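Note sheet for the following structure.
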Amino acid sequence: MPELSALIIGSGFERLAPGEPGDRIENRFGTPSAPIKAIEIAGQRVLSLARHGEPHSIPPHAINYRANLLALKEAGATEIIALNTVGVISAVREPGQIAAPRQILDYTWGREHTIFDGSDGKVEHIEFTEPFTARLRLALLAAASRADLDCFDGGVYAATQGPRLETAAEVNRLERDGADFVGMTGMPEAAIAHELGLDYACLALIVNRAAGRSDTPIHADVEASSVSARTLAESLLRQFFQASPERASESS
Ligand code: HPA
């Protein structure tokens, strides 16, 4: 089957997919956050969906992750690149940089987190040892290397409930648990993508130091670092979608 890539676009990235919002097509899990748009990056057709809605109005705990992912699958997507803003906990990188995390810790609660909810009388336990698709994660890192830009390889993404930011003590606990990054939207998105058989990898935009890790107020950190992280992510994506002979023939 030819690859069709989709981007799930997070906070501050909506401008990557300009254009008039169309209809949000409902599916068995409800209504997705926003209409799916077909955009072009480096000559490739790519689907995109704004996770927080258009305009940005859906907080992380209220996103219908199941409806978003099923909508992308029904539109033909086979692989998802999830753009997630994060705070950095450990010293692996600084605000303004990007990363392709390798592991997840899930602290979210009360979200619709599975398509296997028993409603159809079936019980399924997917394997989730490696929460991100290795091929896709490595392809993102290879694109970074071709574009000669720095993208941290690995690290643990801790998904918190939000919408408030963490306390300093919570961040200390996340660090003791082994987390390098903290964000609010990585889960249950990654798990549901897995359940739906979609390849899925996270491109994390580091926009601040996590709570208690800097004297700069977090929102000022975000203000100062977002453009740089976004510019790096956009360059990486352009390189990723640059027509290699295989991708070009797959998508024609
Ligand atoms: N915590 C949780 N989510 C985030 C952060 C943070 O510090 N920065 C961006 N998303």
Side-chain angles (χ1 to χ4, degrees), residues 7-16 33 49-53 55-63 65 68 80-111 113 131-132 140 151-152 154-192 200-234 236:
L7 303 177
I8 299 186
I9 293 178
S11 305
F13 238 100
E14 289 83 356
R15 75 190 175 97
L16 194 70
S33 301
L49 176 64
R51 188 188 278 119
H52 294 278
H56 187 117
S57 57
I58 311 173
H61 65 284
I63 291 167
Y65 295 94
N68 285 353
I80 312 276
I81 300 168
L83 302 173
N84 303 84
T85 58
V86 295
V88 65
I89 298 172
S90 65
V92 291
R93 285 296 183 275
E94 311 256 305
Q97 298 188 294
I98 56 174
R102 171 113 193 236
Q103 276 295 332
I104 292 178
L105 289 166
D106 185 11
Y107 301 89
T108 65
W109 49 271
R111 304 180 179 191
H113 65 284
F132 300 116
L140 290 173
C151 177
F152 180 71
V156 177
Y157 175 112
T160 55
Q161 178 71 353
R164 68 164 176 83
L165 292 158
E166 298 70 39
T167 66
E170 285 169 337
V171 169
N172 289 341
R173 175 176 75 142
L174 299 183
E175 183 163 55
R176 285 195 300 276
D177 285 356
D180 299 288
F181 309 109
V182 55
M184 300 175 191
T185 51
M187 283 294 281
E189 196 173 89
I192 296 167
Y200 182 96
C202 164
L203 181 56
L205 281 72
I206 304 168
V207 294
N208 61 284
R209 281 188 214 287
R213 297 298 157 110
S214 160
D215 293 335
T216 311
I218 291 180
H219 288 112
D221 217 2
V222 172
E223 187 82 15
S225 308
S226 293
V227 171
S228 155
R230 202 160 57 212
T231 305
L232 281 174
E234 285 175 1
L236 187 156

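Keep in mind that this is a model prediction, so the values were computed, not measured. Atoms within a ligand are numbered from 1 in the order they appear, just like the ligands themselves. In what follows, residues are counted from 1 in the order of the sequence shown.
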#### Entry: atom 4 (C) of ligand 1: nearest protein contact (heavy atom, Å)
V182 O, 3.6 Å
### Separation of Y107 OH from R173 CZ (nearest 0.5 Å)
5.5 Å
### Message
What I want to check is whether the side chains of N68 and S33 have a donor and an acceptor closer together than 3.5 Å.
### Response
yes
### Task
Within a distance under 4.0 Å of any heavy atom of M184, pick out the atoms of ligand 1 and give their elements.
2 (C), 3 (N)
## Note on the structure
A student comparing V222, V207, V171, N208 should find that the heavy atom closest to atom 7 (O) of ligand 1 comes from N208
### Query
In terms of ring plane angle, is the pair F181 and F152 parallel, tilted or perpendicular, where the classes change at 30° and 60°?
perpendicular
### Query
Nearest protein heavy atom to atom 6 (C) of ligand 1, by residue and atom, and its distance?
L165 CD2, 3.5 Å
### Query
To which protein heavy atom is atom 3 (N) of ligand 1 closest, and what is the distance rounded to 0.1 Å?
G183 CA, 3.4 Å
### Message
Counting only heavy atoms closer than 4.0 Å, does ligand 1 sit against the backbone of V86, its side chain, both, or neither?
### Response
backbone
### Sole residue of R164, R213, R176 in salt bridge (Lys or Arg N to Asp or Glu O under 4.0 Å) with E170
R164
### Message
Under a 4.0 angstrom heavy-atom cut-off, which atoms of ligand 1 come close to E166?
### Response
1 (N), 2 (C), 6 (C), 7 (O)
### Query
Nearest protein heavy-atom contact for atom 5 (C) of ligand 1: which residue, which atom, what distance?
G87 N, 3.5 Å
### Message
If you define the side chain from C-beta out and look only at heavy atoms, does anything of H219 sit under 4.5 Å from L165?
### Response
yes
### Task
Report, as yes or no, whether the 6.0 Å neighbourhood of atom CZ on R111 holds more than 12 heavy atoms from other residues, nucleotides or ligands.
yes
### Query
T85 heavy atoms, cut-off 4.0 Å: which ligand 1 atoms fall inside?
9 (C), 10 (N)
### Message
For the backbone of D221 and the side chain of N208, can you confirm whether one donor and one acceptor N or O come within less than 3.5 Å of each other?
### Response
no
